[in-house]
Every structure is written in C-alpha cells, then in structure tokens.
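What follows is a set of notes on a single structure, which appears directly below.
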Amino acid sequence: VWGQFPTIDKAGSLLFYLDGVMGRFLDPSDPAVRLIGVHVGHLWVTALFDLFVAPFAAMNLQAFLNLVLGWYCAWLLLDELSEDRDVSLLMAFPFGMGLHLFRDINWYTIEKSGVYWIPLYAWALVRAYRRGGRWIGLAALIYVATLFYNFYLGALCAGIGALAFGRTTALLGAP
C-alpha cells in the first residue's frame, strides 16, 4: 500500500470500490452514491487496473499514473505555449511531481492526485482557440470526463474555461 492505511478516505474509497458503487452512480437512492455523488470516474480507472492486479495494487498504479500524467499533461500545455520543448519539460516537473500530490497520495483518496485534468483541459482550450474545429469538441469531451472523474476538478476547469472565454472575447473585441 502506497501511503498511510487505513485512513478514512482510503479505506472508504476501497470499500466503495469493492461494493461496486461506480456501477450504480446514477442511482440517487443508493447511500454511497448520495455520499460521494456521480464523480466516481477514478473508480473506473481502478477497475481497469484491477483486471490485472489486486485492488490495492490497482489504486497504487493509479497513483503512479496520476503523477506521470500530471507531468505529461503539464508538459503538453507548456509545450503548446513555449518554443523550447526542453524548458517546457523541465517546468512541467514541479506540477506533475508536486509535494501536495505526494501528500494526497499518502493520506487521501486517489482522485485527489489526478490533477492532470487541469492542464489537459487548458491545453485543449488553447488548441481550440488556435485551431478551432475538432479541438473545440475535444475540449468539451475532456471537460465532461474531468467532471465525471472528480467534481471539484471539474469545477476548477469550469473556472478556467470561463476565464479563457472572457480573455478570448476580449482579444477578439467581442462585447
């Protein structure tokens, strides 16, 4: 087990997973669904890894994947905004390997370390602004996936989208 166990968050998340709450996420009468809501997407990731390893190991793999994806998605965004790929890769490291993520992995549920959705969504917004077309749809799809994965991250991305929209309309001279 990576980090402290049992904590209320980790033990609860494992129990919800073992109970199969992710298959009942639209049932408002289910007590687990009422407690955690529909943002159980992280449990689907656990289920994918659970096809190959035990549930604890699946959560550990997801924690590791969250770190790697955090670095990679931050690099995607910075690479889109920068002209130096090496500097982008280096500057993305603190985001992907941030100390707060290791604290989250140590004490809390796994989805709290899945912050890679934020730069991934911002990257898609930049692409949509610069290239239009299918990138607009991809940004929308990433937003929905983020909201399903974790509602809090979805709320952050909604704020990013609102700021980006406001900035874009200001740049284009729209009212």
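As the structure is a prediction and not an experimental result, all values here were calculated from the model.
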Assigning hydrophobic clusters by single linkage (Ile, Leu, Val, Met, Phe, Trp, Tyr; side-chain heavy-atom cutoff under 4.5 Å), is [X] placed with [Y]?
| X | Y | answer |
| --- | --- | --- |
| Phe64 | Leu48 | yes |
| Met91 | Val126 | no |
| Leu78 | Trp71 | no |
| Trp135 | Leu76 | yes |
| Tyr116 | Phe93 | yes |

Asp30 side chain to Ala32 backbone, donor-acceptor under 3.5 Å: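 Side chain of Asp30 to backbone of Ala32: a pair is present.
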
Whether Arg127 side chain and Leu138 backbone form a donor-acceptor pair below 3.5 Å: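 No, the answer is negative, given that no donor and acceptor are paired below the 3.5 Å cut-off.
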
Would you give the length of the straight line joining atom [atom1] of [X] to atom [atom2] of [Y], rounded to the nearest 0.5 angstrom?
| X | Y | atom1 | atom2 | value |
| --- | --- | --- | --- | --- |
| Gln62 | Leu69 | CD | CG | 10.0 Å |
| Tyr17 | Trp44 | OH | CH2 | 9.5 Å |
| Phe49 | Thr46 | CZ | OG1 | 8.5 Å |
| Ile142 | Leu147 | CD1 | CG | 13.5 Å |
| Thr146 | Leu156 | OG1 | CG | 10.0 Å |
| Leu43 | Leu18 | CG | CG | 10.0 Å |

From CA spacing to verdict: side-chain contact (heavy atoms from CB on, under 4.5 Å), Lys10, Met59: CA-CA 10 Å; Lys10 283 186 173 185; Met59 288 187 169; over 6 Å; no

How far apart are the closest heavy atoms of [X] and [Y], and which atoms are they?
| X | Y | answer |
| --- | --- | --- |
| Tyr121 | Ala139 | CE1-O, 3.3 Å |
| Leu125 | Ala164 | CD1-CB, 4.0 Å |
| Arg24 | Val33 | O-CG2, 3.1 Å |
| Pro119 | Cys73 | CB-O, 3.6 Å |

Parallel, tilted or perpendicular: ring planes of Trp117 versus Tyr149, cut at 30 and 60 degrees: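 Tilted.
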
Validation row, ring centre Trp75 to ring centre Trp123 under 6.0 Å: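 Ring-ring flag for Trp75/Trp123: false, centres at least 6.0 Å apart.
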
Side-chain heavy atoms of Ile118 within contact of Cys157, under 4.5 Å: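 Yes, at least one pair of side-chain atoms sits under 4.5 Å.
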
Residue Tyr72 excluded, over 12 heavy atoms near OH under 6.0 Å: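 No, because the 6.0 Å sphere around OH of Tyr72 holds 12 heavy atoms or fewer from other groups.
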
Test side chain to side chain contact (heavy atoms under 4.5 Å, CB included) applied to Glu111 and Asn150, Val45, Asn66, Leu153, the passing residue: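 The passing option is Asn150.
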
